[in-house]
Amino acid sequence: MSDSIKLHYTEAGQGTPLILLHGFPLSSQIWQEQQRQLSDQCRVITPDLRGHGKSPAPDGVYSMASMADDVFALMDALGIDKAAIAGHSMGGYVALAGYHRHPKRFAALGLVASQAAADNEEARQNRYKLIDKVKAQGNEVVPEAMMPRLFGARSSGDPLVEQVRKIMLGTSATSITGSLQGMAAREDFTEMLPRIGVPFLVVAGVDDKIVAVEKAKNVAAAVKGSTFVSIEGAGHMPMLEQPEAVTNALRTLLSPR
Ligand code: MLT
């Protein structure tokens with residue numbers, strides 16, 4: 001873990017640690033409501049993954065494993081041996097890569113609008129095209145490309161859409177290209193799913209245009225004893241679109257059935 005990056009994070013509450021990882025190219029800000037609502041029950045830690053929010057943005061490929069190592073280094077620094085760790089979309093890829101490396105550091109594992117499969121060739125090529133566009137035109141092209149697919153039923157001008165656009169525009173081109181390369185090269189963890197031995201939660205927005213609800217359901221079905229929560233009135237950003245429903249789902253990681 002010698003190359004790990006010291007992550008910026010916020011925390012609230014006490015007791016059992018719950019770590020919430022954001023997606024691409026976002027920041028810990030997306031979890032503000034859940035952090036506030038869950039801090040009555042546990043210690044909620046929301047890091048900015050490398051290159052995002054207020055964390056440093058090194059050059060190079062941001063592999064999911066390196067981002068997971070950053071999170072483990074943060075846990076070490078905070079004296080946390082084991083935590084419930086849940087990730088949104090890319091944050092879910094990071095959580096799965098982390099579980100693959102160090103399952104003993106997980107008290108529970110959650111995926112929110114995320115999946116276990118790697119990119120297919122088309123998805124990979126789309127990421128490389130976006131990298132070329134970012135290099136030519138700057139990071140403004142990213143919200144342009146992503147925004148129409150992020151929310152279930154919200155469009156430009158909606159405060160949530162504008163909040164997310166602002167976070168994206170604050171993410172540097174270095175971080176965007178590093179993350180896109182890392183996601184394109186990520187491992188497929190479908191085969192690992194039946195071996196997950198901690199409480200496992202999958203949350204899906206019914207109107208998610210990036211990770212279809214059926215795909216998320218299949219991920220949950222592959223893990224014995226998992227909890228699957230589908231959320232009406234939400235797309236790929238359920239923690240912002242239906243914050244309480246996501247908070248309630250995350251509570252199942254803290255007091256598993
Ligand atoms: C995310 O929300 O983190 C990304 O859309 C994930 C992806 O592009 O696969």
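Whatever order the structure lists ligands and atoms in, that order sets their numbers, starting from 1.
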Below the 3.5 angstrom mark, is there an N/O of Q115, backbone or side chain, next to an N/O of ligand 1?
no
Side-chain donor/acceptor pairs under 3.5 Å, residues 56-63, sequence neighbours excluded:
unit_1	atom_1	unit_2	atom_2	d
Y62	OH	P58	O	2.7
S63	OG	S66	N	2.9
S63	OG	S66	OG	3.0

For ligand 1, is there an N or O atom under 3.5 Å from any N or O atom of F24?
yes
Under 4.0 Å from one or more heavy atoms of M90, ligand 1 contributes atoms 1 (C), 3 (O)
What residue and atom, counting heavy atoms only, is the protein's closest point to atom 8 (O) of ligand 1, and at what distance?
R127 NH1, 2.9 Å
Classify the ring geometry between F106 and Y99 as parallel (under 30°), tilted (30 to 60°) or perpendicular (over 60°).
perpendicular
Taking the basic N atoms (NZ, or NE/NH1/NH2) and the acidic carboxylate oxygens, is any pair closer than 4.0 Å for D81 and K104?
no
Here the atoms of ligand 1 under 4.0 Å from any heavy atom belonging to G23 are 3 (O)
Would you please name every residue forming a ring-ring contact (aromatic ring centres under 6.0 Å, His included) with F189, sequence neighbours left out?
H100
Does M146 reach ligand 1, in the sense of a heavy atom lying below 4.0 Å from it?
yes
L169 with V134, same ILVMFWY side-chain cluster at under 4.5 Å
no
Can you tell whether the side chains of R127 and D132 come within less than 4.0 Å, N to carboxylate O?
no
So which heavy atom in the protein is nearest atom 6 (C) of ligand 1, and how far is it from that ligand atom?
S89 OG, 3.0 Å
The single option from E187, H88, Q115 passing side chain to side chain donor-acceptor pair (under 3.5 Å) against Y93:
Q115
How far is atom 9 (O) of ligand 1 from the closest protein heavy atom, and which atom is that?
Y93 OH, 2.6 Å
If we only count N/O pairs under 3.5 Å, is G91 in contact with ligand 1?
no
